[in-house]
J.: 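This is the structure I have questions about; it appears just below.
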Number of protein chains: 4
Amino acid sequence: MAGTNTSQEHSYSRRKDERPAEIMNAALEEFSTNGFAGTRLQDVARRAGICKGTIYLYFRSKEDLFEEVVRDRILPYLEQLEAIGENVEGSARDILRQQLKIIYQQLVSTDTRYIPKLMIGEGNRFPHLAEFYFREVITRMHKLLRSVIERGVANGEFRPEALRWKPQAILSPALSAAMWRTVFEQFDPLDIDAFLDTHIDLLMHGLLNREYTG
Amino acid sequence: MAGTNTSQEHSYSRRKDERPAEIMNAALEEFSTNGFAGTRLQDVARRAGICKGTIYLYFRSKEDLFEEVVRDRILPYLEQLEAIGENVEGSARDILRQQLKIIYQQLVSTDTRYIPKLMIGEGNRFPHLAEFYFREVITRMHKLLRSVIERGVANGEFRPEALRWKPQAILSPALSAAMWRTVFEQFDPLDIDAFLDTHIDLLMHGLLNREYTG
Amino acid sequence: MAGTNTSQEHSYSRRKDERPAEIMNAALEEFSTNGFAGTRLQDVARRAGICKGTIYLYFRSKEDLFEEVVRDRILPYLEQLEAIGENVEGSARDILRQQLKIIYQQLVSTDTRYIPKLMIGEGNRFPHLAEFYFREVITRMHKLLRSVIERGVANGEFRPEALRWKPQAILSPALSAAMWRTVFEQFDPLDIDAFLDTHIDLLMHGLLNREYTG
Amino acid sequence: MAGTNTSQEHSYSRRKDERPAEIMNAALEEFSTNGFAGTRLQDVARRAGICKGTIYLYFRSKEDLFEEVVRDRILPYLEQLEAIGENVEGSARDILRQQLKIIYQQLVSTDTRYIPKLMIGEGNRFPHLAEFYFREVITRMHKLLRSVIERGVANGEFRPEALRWKPQAILSPALSAAMWRTVFEQFDPLDIDAFLDTHIDLLMHGLLNREYTG
DNA sequence: AATGAATGAGTTTTCATTCAT
DNA sequence: GATGAATGAAAACTCATTCAT
C-alpha cells in the first residue's frame, strides 16, 4: 500500500513536471506552422489540452514561451553531438559520418528541424534569442566540426584546404534538408537516407572525376 | 495640346507604373524583418512614402501583396540564370562556377535573399505560393543544375555518381549563406567571396586527400 | 491531556478568529492604494500571509470582502465618538474640541482614513454600502454634532445661526485632512496638530476681526 | 456657393477638432462613476458615439486618456479663479465671497467636481498626475487664498491668526460639498446655496457668540 | 487617384473563483 | 481548514480594411 501510494504520488508529480514540456511541444507545432505572430495562444492551449490562462502559470508571455521552446529543444541535441565528438575513437571520416547521421536522424527527421526554421523566420524579432542561438548553438557546432577536420588534416585523411573552409558550407545540406521538409515536403517528399548519401559523397569526394585529364 | 497632354500622361503614367514597385520594395523590407503577420501595412505605406489606403489601389489584400512581392522578385533572377545555362560555351566547371557567382551576387548579396527566407518562414501559410515557388523556382533551378552536371559527366569532367545527387545538396551552401546574412550577420559578418570559394572548392574536390592511402 | 488539548484548541481557535481580521487589514491596505477594481485578491492574500483560496473560506466574494472591511472599520470608531458625546459633562466648546481631537487621532491619523477615501472612490459601485454608510455613519455623526451645537446655542455659547448650518461644513476640515494624507502627503506632509488648531480656531472664531469697524 | 463651401469645411474641421473633447467628456462620466480600473473603454466609446478603436487615434492608452481628462478639465477653471483674484477691487470679504461663489458654481455644481473625486480615488496609482495636481492646482489655489487673506489682514478686516491657518481647512467645505454630491446626493440632495451660506457664515464669524460672556 | 479617420474583429493577458488534493 | 493549479470570462489594445472627402 505504501508502494501504491508512492507510485501515485510519483505519477502525480510527474504530470505536474511535464506540464511546461507539454505546452512547449504544442507551442513548437503551432509556431513552426504559423510563425510567432501568426500563432494564437488559444490554439497552443487547445493542442496541449489545457486552457488559455494555464500557459501563463508557466510562461510569462508569448515571447517568453517562444524563447523557451527554442532553448529547450536545441540544447540536448547539441550535447549529444558533442559527446560523440569527444568519445569516438576512429578515423575522422567515421566520426564525421557518425555526426552527420545523428544530425539527420535527430534534427532533420524530428520536429527539431523547426528550430532552425524558426530562427530563420523569427530571428530578427528576437535579437536576444538570435544571439543566444549564435553563441550556444552555431558556435558550438562549428567548433565541433573544426575539431574533426583538424584531426583529419593532421592524420592526412583530409585536404589541408579544408581548414580554411567556412563551416556553414560543410553543414549546409543538412539545413537545406531540414528546410525542405518544412516547406516543400508535400510537393516532393525528401528521402533522408538518399540525401545523407549525397551529403557524404559530396563532402568526401566532390564533383570532379580523378581520372579526368581533359 | 495633344503633345502636352501626352507628355503629362506619360510622366504621370510613369509614376503610376512605378507605384506598385515602390510598394513591393517597401513591403519586402518589412516582411523580411517582421514576417507576414508581424508586418503592418501602415509601416509599408510609410516606407513607400504613401498612405495606408493607397496600397489597396494596387493590391487586393495583405496576402495578395505578399504573394506579388515573392513572385515579382524571384522570376527575373531565374531567367538570368537560365540564360547563362543556355548561352555559355565552355567546360561544365566554368558554367557551374559562373552560375554560382551569379547566385551569390544576385541572390545572397541583394535583398533578394529575403525571398527564400520568406518562403521558409511563411510558406506553410501560403500553400498556393509555396506550390508556385516549388514549381516555378525550385524545379527550374534543379533542372538547370541537372543540365550542367549531365554535361560534365558526359564529357568526363564530373563523377557519374553526381547524377544521383540531390540538387538541393549542391546548392545548399548558397542557401546557408543567404540565411546567415539574414539572421546572424550582425554577430559574425559573412565574407561572400570566401564563402563562394569554399562552396566551389568543396563542390569540386571534396574533403578527401587524394594522395592519402592510409 | 485535556489541558493540552484545550490549550491547543484555544490557541487554534484564537488564530481562527483572527484570520478574518488579518484578511481585512490586508485588504484595507490594498483597496486603499489600488481601489476596488485595481486590487488583486492574490495581493491581499500575500499581504495576509495566506493563500488565495483561503479568503473564500471567510468571505463570499471580493465585493463582500470590500463591504465587510468598510463596515468593520468604521463602526467601532463611531461608537467611541458617541460615548464621548453622551458621557462628558462640560461646555459645548470642550465637548466639540474633545470630539474633534478623537476624530483627528482615530480617523485622520490611522488607516481608518482610508474608509472615507474608499467611500468617495467606490461608493457609486456599492450603492448598498453607500446607503449603509450614509445611514449608519454620516447620519449618526451629524446627529452627534447637532446635539453639541444645540447644547451650545441653548446655553448661549454658540451663535443661533449655527443651528441652520450644514453639518458637513463643520466637519469638512477633518475630511480634507484625511484625504490630503491619502493623496498628497508625499508632496507636502500635513502637520495634524497644526491642522486641528486651524480647524478649531476657524470653527470657533471665524475670519473676521471683532475690533474691525471699517 | 463659396460661402457654403467654406461653411461646410468649417463645420467639418470643427467636428474633427471636437473629437478629443467628446471622448474626454464621455471618459469623465465613466471614470467618475466607475473609477479608472472599473471603466471599460468600450463604454467610453459607446457614450461618445464612436467605436473602441477610435479612442486610440487620439489617446495613447487608457492611462493617457485619464490624465488628459484631469488636466483638461481643471486648468481652465483655475485660470478663471486667478483672474478674479487679480481683477476685482473691493474688500477682502467680497473677493473671497466671489471666489467661493465661483467655486460652488463651477466646481461643485458641474461635473468638474469629479476631478477632485478622481484625484482622491486614483491619485495613488497616478503619482505623476498627483504631482501635477498638487503643483498646478492645489498650490495655485492656496496661493490665491493666501493672497486674499493677507489683503484682509493688512487692512484690518481679518484676524491676523488666519495667516497661520492651513488653506486646506478654509476651502474644505467646498470639497465636502463636491464629494457629497458625488456619493450621497441620491440619499440626501445637497442645497448648494444653503451650503455656500454655511461656508461663508462659518468662515467669517465662526461658532462663538460674541455677546457670550459665560 | 490619394488620403487618413473610422471601424470592429481578433489577440494577448489578467484575475476572480473553483475544487481536487 | 488550507492550498494553489486550473479555468475562462472580460478587457486593453492592434490593425487590415473601408469609404467619405
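Source: prediction; values computed, not measured.
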J.: Listed by chain and number, what are the side chain to side chain contact (heavy atoms under 4.5 Å, CB included) partners of B:E122, not counting sequence neighbours?
T.: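 If we apply the side chain to side chain contact (heavy atoms under 4.5 Å, CB included) test to B:E122, skipping adjacent residues, the hits are B:F36, B:F66, B:L118, B:R125, B:F126.
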
J.: What is the distance, to the nearest angstrom, from the CZ atom on D:R46 to the P atom on E:dG8?
T.: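 Atom-to-atom, D:R46 to E:dG8, this comes out as 12 Å.
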
J.: May I have all residue pairs that pass side chain to side chain donor-acceptor pair (under 3.5 Å) and include part of residues 32-42 of chain C, sequence neighbours excluded?
T.: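 Only C:R40-C:D43 qualify under side chain to side chain donor-acceptor pair (under 3.5 Å).
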
J.: Please compare B:T54 and D:G49 by the position of their nearest nucleotide in DNA chain E and report the one closer to 5'.
T.: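 Taking each residue's closest nucleotide, the earlier one in sequence belongs to B:T54.
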
J.: Dot-bracket for DNA chain F: what is it, with Watson-Crick or G-U pairs under 3.5 Å, [ ] where a pair crosses earlier ones, and | for a pair to another strand?
T.: .||||||||||||||||||||

J.: Expected output is a numbered-order residue list: members of residues 59-69 of chain A with a heavy atom under 4.0 Å from any atom of DNA chain F. What is it?
T.: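 Those residues whose heavy atoms fall under 4.0 Å from DNA chain F, taken from residues 59-69 of chain A, amount to none.
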
J.: In whole angstroms, how far is the P atom of F:dG8 from the OH atom of A:Y56?
T.: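 Value for this atom pair: 16 Å.
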
J.: In this structure, how many angstroms lie between the P atom of E:dA5 and the CD atom of D:E22, rounded?
T.: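 Those two atoms, CD and P, are 15 Å apart.
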
J.: Just to be sure I understand the rule, does D:I55 reach a base, reach only the sugar-phosphate, or reach nothing, if contact means heavy atoms closer than 4.0 Å?
T.: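 Nothing, no nucleic acid heavy atom in range.
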
J.: Should B:R19 be listed as having a side-chain N or O under 4.0 Å from OP1 or OP2 of E:dA1?
T.: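 For E:dA1, neither OP1 nor OP2 has a side-chain N or O of B:R19 closer than 4.0 Å.
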
J.: With side chain to side chain contact (heavy atoms under 4.5 Å, CB included) as the test, would you mind laying out the steps for D:V70 and D:F31 before giving the verdict?
T.: CA-CA 10 Å; D:V70 171; D:F31 284 141; over 6 Å; no

J.: As a test of reading the structure: which of E:dT13, E:dA16, F:dA2 is closest to the side chain of A:K52, going by heavy atoms?
T.: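 Closest nucleotide to the A:K52 side chain: E:dT13.
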
J.: Evaluate the side chain to side chain contact (heavy atoms under 4.5 Å, CB included) criterion for residues B:R19 and B:T54: first the C-alpha distance (whole Å), next the side-chain angles of each, then the deciding distance (0.1 Å), finally the verdict.
T.: CA-CA 10 Å; B:R19 214 10 93 76; B:T54 305; 4.2 Å; yes

J.: Kindly determine whether D:I55 and D:I50 satisfy side chain to side chain contact (heavy atoms under 4.5 Å, CB included), including the steps that lead there.
T.: CA-CA 8 Å; D:I55 293 175; D:I50 59 178; 4.1 Å; yes

J.: Got a sec, which pairs hit side chain to side chain donor-acceptor pair (under 3.5 Å) with one end in residues 59-69 of chain B, sequence neighbours left out?
T.: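 Residue pairs with at least one partner in residues 59-69 of chain B: B:E67-B:R71.
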
J.: May I have the step-by-step check of side chain to side chain contact (heavy atoms under 4.5 Å, CB included) for A:Y58 and A:M24, ending in yes or no?
T.: CA-CA 10 Å; A:Y58 300 97; A:M24 286 192 286; over 6 Å; no

J.: The side chain of A:L57 lies closest to which of these nucleotides: E:dA1, E:dA16, F:dA5?
T.: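 Among the listed nucleotides, the one closest to the side chain of A:L57 is F:dA5.
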
J.: Quick check for you: to the nearest 0.5 Å, what is the distance between D:F132 atom CZ and D:I74 atom CD1?
T.: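 The CZ atom of D:F132 sits 8.5 Å away from the CD1 atom of D:I74.
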
J.: For B:T112, what residues pass the side-chain hydrogen bond (donor to acceptor under 3.5 Å, both in side chains) criterion, not counting sequence neighbours?
T.: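 Testing B:T112 for side-chain hydrogen bond (donor to acceptor under 3.5 Å, both in side chains), a comparison that skips the adjacent residues, returns B:T110.
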
J.: Could you tell me whether the phosphate oxygens of E:dA1, OP1 or OP2, come under 4.0 Å of any side-chain nitrogen or oxygen in B:Y58?
T.: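 So the side-chain polar atoms of B:Y58 never come under 4.0 Å of the phosphate oxygens OP1 or OP2 of E:dA1.
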
J.: Figure out the CD1/C1' separation between D:I23 and F:dA12, and round it to whole Å.
T.: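 Computing the D:I23:CD1 to F:dA12:C1' distance gives 15 Å.
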
J.: According to the salt bridge (charged side-chain N to carboxylate O under 4.0 Å, His left out) rule, which pairs have a member within residues 23-33 of chain B, sequence neighbours left out?
T.: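 The answer is B:E29-B:R47, B:E30-B:R47.
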
J.: For DNA chain F, find the residues of residues 33-44 of chain B with a heavy-atom distance under 4.0 Å and give them by number; none if there aren't any.
T.: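 Close to the strand are B:T39, B:R40, B:L41.
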
J.: Suppose we screen for salt bridge (Lys or Arg N to Asp or Glu O under 4.0 Å). Which residues come up paired with D:D72, at least two apart in sequence or across chains?
T.: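 For D:D72, no residue satisfies salt bridge (Lys or Arg N to Asp or Glu O under 4.0 Å) once neighbours in sequence are set aside.
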
